[in-house]
S.K.: 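Take a look at the following structure, please.
Ligands are counted one by one from 1 in listed order, and the atoms in each one are counted from 1 as well.
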Amino acid sequence: MESGARAIVVVGGGLIGLSAAFHVRRADRRTRVTVLERAQVGDAASSASAAGVRVMGRDPAERAMALESLGRWPDLDRELEAKTGYRRSGGLRVALDEAGWAEARATVGAQRADGVPVELVDAAAAHRLAPGLSPECRGGVHCPIDGQAEAVATVRAWATAARRLGVRIEEGLGAEALVVEGARVVAVVRSDGARLPCDIALVAGGAWSAPLLAKVGVKLPLRGRGLQMLLTDAEPARLTPVVGCFGRPLSLKQLVDGAYLIGGGWPARVPDEAVNRWEVLDDSVRGSLEVARAVYPPLAARSVTRSWAGIEAFTPDDLPVLGPVLGLDGLLIAAGFSGHGFALVPTVGDVLARLALGLDPHLHLWRGLGAARLP
Ligand SMILES: Cc1cc2nc3c(=O)[nH]c(=O)nc-3n(C[C@H](O)[C@H](O)[C@H](O)COP(=O)(O)OP(=O)(O)OC[C@H]3O[C@@H](n4cnc5c(N)ncnc54)[C@H](O)[C@@H]3O)c2cc1C
C-alpha cells in the first residue's frame, strides 16, 4: 500500500458499491478506491430493477433514508454528469376493494407524521391522476415526490461518474476472501489470487455477500430471491405515475418510449444462485399480467415483449443491513435491500463513504438498520 494513502476495496459493482465508491472519492481524492465486480457492473439486482424511486409505503425504519435520497434524485443527473432517466412522476397506490380501501386509509397518517407527503385520493381523483384505471378503483394514496428512473442507464451513470473521479473498477474479478489479522480486515483476496491490502473492505455483494462474510465468521441471515419483471410493447403516453395496488403485488409504469414495465415482487425460479442463474416462471408471468390488467385495463391490448429477473438479497425483516460489524474493524457491510434498494442508492452511498472516511455518518438516517439487530 502506498504510504499515507488510504485504500478502500469495495466488493460488488452493483449500484450500492458504485455509489459508495463515488462518494468516497468525491469526499476525499487521496483515498484509493477499487471496486471488484466478479461479472460486470450492475450484473445482478441493479440492472434488473424496476427502478422505482419511492418513499411511499416504506417501513418506518427506512423513511428518513428514503426521504433524504428522494431529495437527491432530481439533481442526480447533474451530480453524476450522466443520465439516469429519472422522472418525478408521482406514485399512486390504488384500492380495488373495501379491504384495500381500508388499508389505504389506515396507512396515510403515520407516513404523514414522518414527513412523507402522501395524500388519500378518492376514485375521481385517482382516475384524473391515472386515466384508464379500473372502474372498480375505490381511490388510493398518492405521493407526488415518488418517481422512476431507468435501471441500466442508472448503473451506467454511477459507474461513469465513479470512474471519472478515479475509482478503479475491475470487472470479471471477484473477491475470494477477506483477510483478517488481529480482529481487523486488512486485505481482500481477488479471484486471481492477488491480495489487495486495504484499510476498509466494503462488502456490497448483494445476495452473495453472506458466503463471503461467513468465511470470516460474520453470519448474515440473507436469502436470495428471484424477482421477475415484464415489459410490453409500446403505445402513446397515457400513464404518468408509478401505479401500485393495495393487497395485490404490482408496480406498473409507462416508460418514456411508451412500453409498460410490470413488476411487484413476482417470484422467478433460481436454479443456481451461486452463479446468478434465474428462470422466468410462467405462473408469475400469468399472475403478474392478470393483476396489472385488473388494475389498468388498457394493458389488455398490450403484449409482453420481454421478461427477466434479478436475484435480490432479503433479510428476515426486509430491511437492509448497513454499517460496521461489532468486533471486526476495517469492515463495512451494505446488503439485504430486500427489493427496495434502488431508490436509496444516493444516500446509502453517502453514508457508507462517511463511515469509511471517519466522517459524521448521519446515523439519524439509518438508525435501526445496523447488523446488530439481526439474529
Ligand atoms: C426485479 C427487481 C425489481 C426491483 N425494483 C425496485 C424498485 O422499483 N425500487 C427500488 O427501490 N428497488 C428495487 N429493487 C431492488 C434494487 O434494485 C436493489 O435493492 C439494488 O439494486 C441492490 O443493489 P446492490 O448493489 O446491493 O446489489 P446487486 O445489484 O445485486 O449488486 C451486487 C454485485 O456484487 C457482485 N458480487 C457478488 N459477490 C461478489 C464477489 N465475491 N466479488 C465481486 N463481486 C461480487 C455481483 O456480481 C453484483 O453485480 C428491485 C430489484 C429487483 C431484482
S.K.: When you compare ligand 1 with Val53, is there at least one nitrogen or oxygen pair between them that comes in under 3.5 angstrom?
M.R.: no
S.K.: Indicate yes or no: does an N/O atom of Gly339 lie under 3.5 Å from an N/O atom of ligand 1?
M.R.: yes
S.K.: Indicate the ring-plane relationship of His23 and Trp158, choosing parallel, tilted or perpendicular according to the 30° and 60° boundaries.
M.R.: tilted
S.K.: If you measure every N or O of Ala343 against every N or O of ligand 1, does any of those distances drop under 3.5 Å?
M.R.: yes
S.K.: Give the minimum heavy-atom separation between Pro271 and Glu279, together with the two atoms involved.
M.R.: CG-OE2, 3.7 Å
S.K.: Report the member of Ala44, Gly310, Ser49 with the shortest heavy-atom distance to atom 2 (C) of ligand 1.
M.R.: Ser49
S.K.: Compute the shortest N/O to N/O distance between Ala45 and ligand 1 and return yes if it is under 3.5 Å, no if not.
M.R.: yes
S.K.: What do you reckon, does Lys253 have a nitrogen or oxygen under 3.5 Å from a nitrogen or oxygen of ligand 1?
M.R.: no
S.K.: Here's one to test your reading of the geometry: is the NZ or CZ of Arg223 within 45 degrees of the ring axis of Phe314 and under 6.0 Å from its centre?
M.R.: no
S.K.: Just how far is it from atom CG of Leu230 to atom OG of Ser307, taken to the nearest 0.5 Å?
M.R.: 6.0 Å
S.K.: Would you say Ala50 has any N or O atom under 3.5 Å from an N or O of ligand 1, going by distance alone?
M.R.: yes
S.K.: Do me a favour and list the nearest non-hydrogen protein atom to atom 41 (N) of ligand 1 with residue, atom name and distance?
M.R.: Ala175 O, 3.0 Å
